[in-house]
Amino acid sequence: DFEVGTGTFTITKADMTVEAVDYSGTYDGASHAGGATASVAAGTTYQYRIATGETDAEGNPVYGEWSDGVPSITNVGSVSYQVKAVNPNYNDATDEGTLEVTKKTVSITVADNEKVYGDDDPTLADATISEYIGTELDGIDLTVTREAGEDVGPYAITIGQTEAQLEAAYPNYDFED
């Protein structure tokens, strides 16, 4: 009489890698998403978490909770995130990504003007703005005024808002004149 024993054959998880999608660009009014690509596509799902802006005792970023929501950015700023690739046959893999949008430069042009001493002021043309997105800046008052004075010499022609006021009101833009 003899006994037959049984053995166990075990398959362990393999390693995979994941690469987070980064974005860096100038404000264009569009949403730009993060995302990821794993070395194994079949059966892999992704989770994301966004940096809170805080750091731990070692100076490392603190992240929020994992979710299925892909991070994105539209307006000027920066979003740091982590992605985790999960697959039942592979060890989880993580990576970090950054999405960044910088200000779009626009120019405000004020036309030069002149008159002869003693004449009435000519009608001053409104200033113009170039290269902005859609209708976002349509509300800016581009009416110009000139510095007071009637003696011969140069006088400044300005619009009603300063560069600092415009940039505070429209943070996606960098105004130049």
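Positions are given from 1, in the same order as the sequence printed here.
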Check: Is it true that a side-chain atom of Asn172 and a backbone atom of Val76 form a donor plus acceptor pair closer than 3.5 Å?
Finding: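 Checked: pair present.
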Check: Looking only at atom types and distance, does a side-chain atom of Thr44 sit under 3.5 Å from a main-chain N or O of Ala85, one as donor and one as acceptor?
Finding: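 The answer is no, because no donor-acceptor pair under 3.5 Å joins these two groups.
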So for atom [atom1], which belongs to [X], do other residues, nucleotides or ligands contribute more than 12 heavy atoms lying within a distance under 6.0 Å?
{"X": "Glu167", "atom1": "CD", "value": "yes"}
{"X": "Glu150", "atom1": "CD", "value": "yes"}
{"X": "Asp119", "atom1": "CG", "value": "yes"}
{"X": "Glu147", "atom1": "CD", "value": "yes"}

Give, for atom [atom1] of [X] and atom [atom2] of [Y], the distance between the pair rounded to the nearest 0.5 Å.
{"X": "Asn91", "Y": "Thr17", "atom1": "CG", "atom2": "OG1", "result": "12.0 Å"}
{"X": "Gln161", "Y": "Leu142", "atom1": "CD", "atom2": "CG", "result": "8.5 Å"}
{"X": "Thr6", "Y": "Glu3", "atom1": "OG1", "atom2": "CD", "result": "10.5 Å"}
{"X": "Asp126", "Y": "Thr109", "atom1": "CG", "atom2": "OG1", "result": "12.5 Å"}
{"X": "Ile133", "Y": "Thr135", "atom1": "CD1", "atom2": "OG1", "result": "11.0 Å"}
{"X": "Ser72", "Y": "Tyr23", "atom1": "OG", "atom2": "OH", "result": "12.0 Å"}

Measure across [X] and [Y] and return the closest heavy-atom pair with its distance rounded to 0.1 Å.
{"X": "Ala33", "Y": "Val70", "value": "CB-CG1, 4.2 Å"}
{"X": "Ile140", "Y": "Phe175", "value": "CD1-CE2, 3.9 Å"}
{"X": "Asn87", "Y": "Gly43", "value": "ND2-C, 3.4 Å"}
{"X": "Val18", "Y": "Ala36", "value": "CG2-CB, 3.7 Å"}
{"X": "Tyr81", "Y": "Ala20", "value": "OH-CB, 3.8 Å"}
{"X": "Ile108", "Y": "Ala127", "value": "CG2-CB, 3.9 Å"}

Notebook entry, point to check: Is there a side-chain contact between Val144 and Asn113 (heavy atoms, below 4.5 Å)?
Noted result: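 No, their side chains stay 4.5 Å or more apart.
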Next item on the list: Go through the steps to decide whether Asp120 and Lys115 satisfy the test salt bridge (Lys or Arg N to Asp or Glu O under 4.0 Å), and finish with yes or no.
Entry: CA-CA 8 Å; Asp120 290 338; Lys115 74 174 188 172; over 6 Å; no
Item checked: Remaining members of hydrophobic cluster (4.5 Å side-chain criterion), Met16 ->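 Hydrophobic cluster check, Met16: joined to Val40, Tyr90.
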Note to self: Per the side-chain hydrogen bond (donor to acceptor under 3.5 Å, both in side chains) rule, what does the pair list look like for residues 95-106, sequence neighbours excluded?
What the structure shows: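 side-chain hydrogen bond (donor to acceptor under 3.5 Å, both in side chains) check on residues 95-106 returns Gln82-Glu96.
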Margin query: With clusters defined by side-chain heavy atoms of hydrophobic residues (ILVMFWY) lying less than 4.5 Å apart, directly or transitively, does Tyr63 cluster with Tyr48?
Written below: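 No; Tyr63 is not reachable from Tyr48 via cluster members.
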Next item on the list: Report whether Leu124 and Ile129 are members of the same hydrophobic cluster (ILVMFWY, side-chain heavy atoms less than 4.5 Å apart, transitive linking).
Entry: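 Hydrophobic grouping puts Leu124 with Ile129.
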Next item on the list: Give every residue pair that meets the ring-ring contact (aromatic ring centres under 6.0 Å, His included) criterion with at least one member in residues 147-174, sequence neighbours excluded.
Entry: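 Non-adjacent pairs meeting ring-ring contact (aromatic ring centres under 6.0 Å, His included): Tyr27-Tyr173.
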